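Whatever order the structure lists ligands and atoms in, that order sets their numbers, starting from 1. Here the structure is a predicted model, which is why all the values come from computation and not from measurement.
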Amino acid sequence: MKSDVRVVPLERIAAPFLAIALGTSNTTNGKVPSSLLGLESHLQGALGRVLDSGDFKGERDETAVVYPAKGPKRVMLVGLGKGEEFTRGALRRAASIAARKAVAAGAESMAFFVPPEGRGGITPTAIGQVALEGAGQGAWQFKELKAPDEKRVKLRSFELIASREDRADMERGRKIGAAIAVGQRLARNLQALPGNVCTPTYLTTIARQLGQAYGFRVTAIGRQQLEKAGMGGILAVAQGSAEDPQLISLEYHGTKKSAPICLVGKGVTFDSGGISIKPAQNMEDMKYDMSGAAAVLGTFEMLGQLKPEVNVVGLIPATENLPSGTAIKPGDVIKSHFGKTIEIVNTDAEGRLILADALSHARRFKPACVIDAATLTGAITVALGSQAIGLMGNDEQLISEIRKAGESAGERCWPLPLWDEFRELNKSDVADVKNSGGRGAGSISAGWFLREFVDGFPWAHLDIAGTAYTDRDTAPMAKGPTGIGVRLFSEFILTRAGG
Ligand code: BES
Ligand code: MN
Ligand code: ZN
């Protein structure tokens, strides 16, 4: 999708679809905002009649369409919500809904306008950014594995309509939002691919392609070298699978100063549970168990496009988790890269095993901080549903920085405590730790397990099991993979890079 910012009277737009975002504060007294009066006279009062009808009040997710005789083929009003809800989140959501409607209407291009009236504190730069993020989110479709269809439409062009004063700022935001949207699209595409296509080596191929395109240093090691390196956690999970496991690293160098931010993404390309096998119902969703890896790769796409002044390392431990005659068994004890021994009491608690090795490996980069993203526990869905990422860590400042980034990115994080008392849950009779702490506090014991392998850097863990994919359509998001983490990581990195 190409995008640009244009200064043009709305009535002269030729696109097949013009969306205008309005909050309830824009529609009080049924008055058309003055920035729309030119269009309104062109439409011979149609917008006023929509407002008079009461069919559109500017409430969240509301839409109404009028069909002009000339100019844009369709003009859609899209609701932002109450005045106090005029936020980045509301705008991103409205842009996404508009893009989804444009695609549904068969439009290949669209224009988007946010009237200056009642914008509140949101800056033109932020509008540019979130409009592009939303448009990319709404326009996303995954048809790669279906027969080609000539009638299928794709949104190819997105124009943000600006006033002369706002143009430069909106353009700055547009570039950021477009780069984040491309990253999020990559993440969702990778997530959507099934386990027989998106294997660990496939993730390596994608990492190498990013490296080629943007000049990152990319390395990946397979089973043999993992053995030499003593990556006992990754090897344990991989030993039941014919697919070669991979430990992938990507290095983005954007400044001479400062230690790197290190992002770690769980890359289980299919999680059957192993010998502790999962129930058949919805097991196909376990192709999404590489969503953390997808978030890291998507973030690197953003880095390649924006080239911020910051250093970032991405680490992806990737493997399948399958049962077989060679698979790990409950009761087995393995030795991790860090050196601690682990009793495997449940082979379905595999994510923490591969992350333990990656976190241990992260030390060699002398990172400023490490953030991991992982579809780690079903328990996080019990706690937070699909509304928030579970956030844990060893550094309060990092945690609050991530929460702030999550708020602006519209990928909210909610903290869970890693109190010392919870550490006991992972005590093993035979090894240094065991890989499952039981049902109670399941997300926290998983977090504490990871913490056993963290040494010498501020660290935070994002449990994205509840937010990585959805099982039904919502107004702003199609059913399926969400690309969660890309916006959050991007916001975090760009803030650290200085905006
Ligand atoms: N990949 C799963 C977690 C998951 C569950 C992700 C549902 C997305 C949706 C993870 O590897 C897992 O199986 N966790 C177990 C841990 C338990 C055995 C301690 C779980 O949550 O049941
Ligand atoms: Mn599992
Ligand atoms: Zn898993």
Specify the closest pair of heavy atoms between [X] and [Y], including all atoms of both residues, with the distance to one decimal.
X: I275; Y: S324; result: CD1-O, 4.1 Å
X: Q137; Y: R188; result: O-NH1, 3.0 Å
X: T377; Y: G442; result: CG2-O, 3.7 Å

Minimum-distance protein heavy atom relative to [atom]:
atom: atom 2 (C) of ligand 1; value: D271 OD2, 3.5 Å
atom: atom 21 (O) of ligand 1; value: G378 N, 2.7 Å
atom: atom 10 (C) of ligand 1; value: L376 O, 3.3 Å
atom: atom 12 (C) of ligand 1; value: D348 O, 3.2 Å

Shortest-distance N, O or S atom of [X] relative to the Zn ion (ligand 3):
X: D289; result: OD2
X: D271; result: OD2
X: E350; result: OE2

Those atoms of ligand 1 less than 4.0 Å from some heavy atom in [X]:
X: Y469; answer: 8 (C), 9 (C)
X: R352; answer: 16 (C), 19 (C)
X: A465; answer: 6 (C), 8 (C)
X: N346; answer: 18 (C)

N/O to N/O below 3.5 Å, does that happen between [X] and ligand 1?
X: M286; result: no
X: E350; result: yes
X: K266; result: yes
X: K278; result: yes
X: D289; result: yes
X: S436; result: no

Are any non-hydrogen protein atoms located under 4.0 Å from atom 14 (N) of ligand 1?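 True for atom 14 (N) of ligand 1.
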
- Message: I'd like to know whether CZ of R208 has more than 12 heavy-atom contacts from other residues, nucleotides or ligands below 6.0 angstrom.
- Response: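 Result for CZ/R208: enclosed.
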
Notebook entry, point to check: More than 12 heavy atoms of other residues, nucleotides or ligands under 6.0 Å from NZ of K340: is that the case?
Noted result: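 Yes, NZ of K340 has more than 12 neighbouring heavy atoms, counting only those of other groups under 6.0 Å.
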
Could you tell me whether the side chains of [X] and [Y] share a donor-acceptor contact shorter than 3.5 Å?
X: E343; Y: S428; answer: yes
X: T269; Y: T199; answer: no
X: N189; Y: Q191; answer: no

Worksheet item: So which of the N, O or S atoms of E350 lies nearest the Mn ion (ligand 2)?
Response: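 The atom in question is OE1.
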
- Please find the N/O/S atom of D271 nearest to the Mn ion (ligand 2) and write down its name.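 Looking at D271, the N, O or S atom with the least distance to the Mn ion (ligand 2) is OD2.
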
TODO: Please find out if the Mn ion (ligand 2) and some N, O or S atom of D289 are separated by less than 2.8 Å.
DONE: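 No, D289 does not qualify, because none of its backbone or side-chain N, O or S atoms lies under 2.8 Å.
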
Lys NZ or Arg CZ of R100 over W140 ring: under 6.0 Å, within 45°: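 Verdict for W140: no cation-pi partner in R100.
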
Practice task
Examine the proximity of ligand 1 to R439 and report which part, side chain or backbone, both or neither, has a heavy atom under 4.0 Å away.
Solution key: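 It is neither; nothing of R439 touches ligand 1.
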
key: Under-4.0 Å heavy-atom contact with ligand 1, by part of T381 that carries it   =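 Neither; no heavy atom under 4.0 Å.
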
Short N/O/S contact of L376 with the Zn ion (ligand 3) (below 2.8 Å) |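 False for L376.
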
message: So, 2.8 Å as the limit: is an N/O/S atom of D348 located closer than that to the Zn ion (ligand 3)?
response: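 No.
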
Salt-bridge test for [X] and [Y]: reply yes if a basic N is under 4.0 Å from a carboxylate O, no otherwise.
X: E491; Y: R88; answer: yes
X: R496; Y: E401; answer: yes
X: K479; Y: D471; answer: no

Within the distance-only criterion (no hydrogens, no angle test), does the side chain of R439 pair as donor or acceptor with the backbone N or O of A379 below 3.5 angstrom?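 Not at all, since once roles are kept as given, no pair shorter than 3.5 Å links the two residues.
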
TODO: Go through the steps for E108 and K154 under the test salt bridge (charged side-chain N to carboxylate O under 4.0 Å, His left out), then give the verdict.
DONE: CA-CA 6 Å; E108 294 202 330; K154 260 171 67 175; over 6 Å; no

Scan D271, D289, D463 and name whichever one has a side-chain hydrogen bond (donor to acceptor under 3.5 Å, both in side chains) with T375.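 Between T375 and the candidates, side-chain hydrogen bond (donor to acceptor under 3.5 Å, both in side chains) is satisfied uniquely by D289.
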
